[in-house]
Q: 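Would you mind keeping the following structure in view while I ask a few things?
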Amino acid sequence: MSFIKQLSRGLIKENPTFVIVLGMCPTLAVTTSVINALGMGFAATFVLICSNAIISLIKDITPSKIRIPVYVVVIAAFVSVVDMVMAAYVPALHKSLGLFIPLIVVNCIILGRAEAFASKNNVIMSIADGIGMGLGFTLSLSLVATVREIIGAGTWLGMRVTPLTYDPALIAILAPGAFITLGFLMALMNMLKEKK
Amino acid sequence: MKYYLKLGLILFIFCVVATGILAYVNSLTAPVIAQRKATEEKQAREALIPNAEFEEKESDQGLTYFVAKDPETAEILGYTFIAADLGYSSTVQTMVGVDSGFKVLGIRIVDQGETPGLGANCTLPAFTNQFAGLAVEDIYVNKDGGVVVALSGATITSRCIANSLREGIIDVQDEPEQGGEQ
């Protein structure tokens, strides 16, 4: 299988949020605005690519019985390193993404891909999978956030898109709005899939 | 038995390597982060009270505050400190500057994790600007008889900010070298 083909699988066909239904916590929690969704998406993509590469490299020296704790240690250590380095050297980026970095440790997409893909494939393919899954995650987060931000705040990426007479329906950016939006979007995805 | 010991040992080695890497990275980055934080706070203080020299002090209540003095005449221009109190869903930290008569010069929300669209609106200038010029006795939300217009749907957040500011200012006022009575 080619690099590009593996990369494209994560975007639509095996989209982590809508198809594999992984990483629901961040999907529900950070999609109150598009900028948050993009921040979380890119931070997770970066960690996913690197953790996939490292786990693929150490797959031959990891006994299968203790592979999960080993993955958890690798991912947690990696996320902490990224957090500290960003805080020290790129403070502007850390300010906008900083909130999401500790959340990535518990993002099950990372562990899920380590277990389901990186532990069975070579480094190049694992990186492709990391990029694809990461971008697919970013895409679906932005989609949920777009709906919630426009309905709930009347803005998109912080710019006003609705007429001033529109009174934003706050429920969309509160917790119930996350569940409602996700449900409708998932139903829409399934409808489109069945039509094919 | 031996097999399980071996597994444990391998996991232990992984953890030791990971801890070693983390300790090394932390030793490199911790001083840089601490310095950056200090610079940022200094800039925030200078934005509230420009052209002043700051002196760090601690009140009897354990509040760290800064006395702003004119660098030439050593006249006290005002005070700044970070007031913190529990809001609706997070601790709201507010940096505040007051002049020598303890009237608010300006406030800035430094850190908060309140409800998006409701309490989180406390960072907007429309809310923070109304504190400028207020004296201690005015800093109550309108529901409590003050002049601070609470955010709609977020009275708890607004009240927490107003109360933490007021208590902080009173705390600094009561310091002996500021002429307060003990």
Side-chain angles (χ1 to χ4, degrees), chain A residues 29-37 51 54-55 58 61-92 94-95 98-99 145 148-149 151-155 158 167-178, chain B residues 1-44 88-91 108-121 123-125 151-154 157:
Chain A
V30 306
T31 52
T32 51
S33 68
V34 177
I35 194 78
N36 277 359
S51 78
I54 292 173
I55 281 158
I58 60 165
I61 55 166
T62 317
S64 70
K65 277 215 169 79
I66 53 163
R67 63 184 190 284
I68 300 291
V70 169
Y71 298 161
V72 172
V73 170
V74 169
I75 293 166
F78 195 79
V79 170
S80 309
V81 167
V82 171
D83 187 33
M84 289 190 280
V85 170
M86 274 176 59
Y89 302 109
V90 273
H94 187 263
K95 224 174 199 169
L99 180 67
R148 291 181 67 192
E149 194 182 334
I151 297 178
T155 57
D167 193 18
L170 264 181
I171 190 168
I173 51 172
L174 298 180
Chain B
M1 182 65 198
K2 219 176 154 193
Y3 176 67
Y4 291 102
L5 279 178
K6 196 182 143 207
L7 286 183
L9 191 68
I10 294 175
L11 188 56
F12 177 71
I13 293 168
F14 269 106
C15 292
V16 168
V17 173
T19 313
I21 294 172
L22 283 182
Y24 178 68
V25 174
N26 186 42
S27 70
L28 286 183
T29 54
V32 185
I33 296 170
Q35 201 196 351
R36 202 176 291 279
K37 259 215 166 114
T39 323
E40 265 174 24
E41 277 185 18
K42 191 162 166 270
Q43 280 168 349
Y88 183 70
S89 58
S90 66
T91 302
R108 222 189 69 184
I109 309 295
V110 188
D111 193 34
Q112 57 86 21
E114 301 291 289
T115 320
L118 296 171
N121 286 346
T123 56
L124 298 179
L151 292 160
S152 56
T157 307

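Chain letters run A, B, ... following the sequence lines, proteins first, then strands; residues in each count from 1. Quick caveat: nothing in here was measured; it's all calculated off a predicted structure.
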Q: Salt bridge (charged side-chain N to carboxylate O under 4.0 Å, His left out) with B:Glu40: which residues, sequence neighbours excluded?
A: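 For B:Glu40, the residues satisfying salt bridge (charged side-chain N to carboxylate O under 4.0 Å, His left out) (neighbours in sequence not counted) are A:Lys95.
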
Q: Which pair of non-hydrogen atoms, one from B:Ile109 and one from B:Gln112, has the smallest distance, and what is that distance?
A: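 Between these two residues, the closest heavy atoms are CG2-CG, 3.7 Å.
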
Q: Against chain B, work out which of A:Ile173, A:Thr32, A:Val73, A:Val70 has the most heavy-atom pairs shorter than 4.5 Å and name it.
A: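 Ranked by contacts with chain B, first place is A:Val70.
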
Q: Of all heavy-atom pairs between A:Ala178 and A:Arg148, which one has the smallest distance, and what is that distance?
A: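 Nearest heavy atoms, A:Ala178 then A:Arg148: CB-NH1, 3.3 Å.
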
Q: Kindly compute the distance separating CG (B:Leu7) from NZ (A:Lys65), expressed to the nearest 0.5 Å.
A: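 That separation rounds to 7.0 Å.
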
Q: Does any backbone or side-chain atom of B:Phe12 lie under 4.5 Å from a heavy atom of chain A? Answer side chain, backbone, both or neither.
A: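 Answer is neither: B:Phe12 stays 4.5 Å or more from chain A.
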
Q: Quick one: of B:Leu22, B:Val32, B:Leu118, who has the most non-hydrogen atom pairs under 4.5 Å with chain A?
A: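 Sorted descending by pairs with chain A, the first entry is B:Leu22.
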
Q: Of the backbone (N, CA, C, O) and the side chain (C-beta and beyond), which part of A:Ala153 lies under 4.5 Å from a heavy atom of chain B, both, or neither?
A: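 Neither; nothing under 4.5 Å.
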
Q: About how many Å separate NZ of B:Lys6 and CG of B:Leu9, when rounded to the nearest 0.5 Å?
A: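 One finds 9.5 Å between CG of B:Leu9 and NZ of B:Lys6.
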
Q: Please look at B:Ile21 and chain A and tell me whether the side chain, the backbone, both or neither of the residue comes under 4.5 angstrom of a heavy atom of that chain.
A: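 The side chain, not the backbone.
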
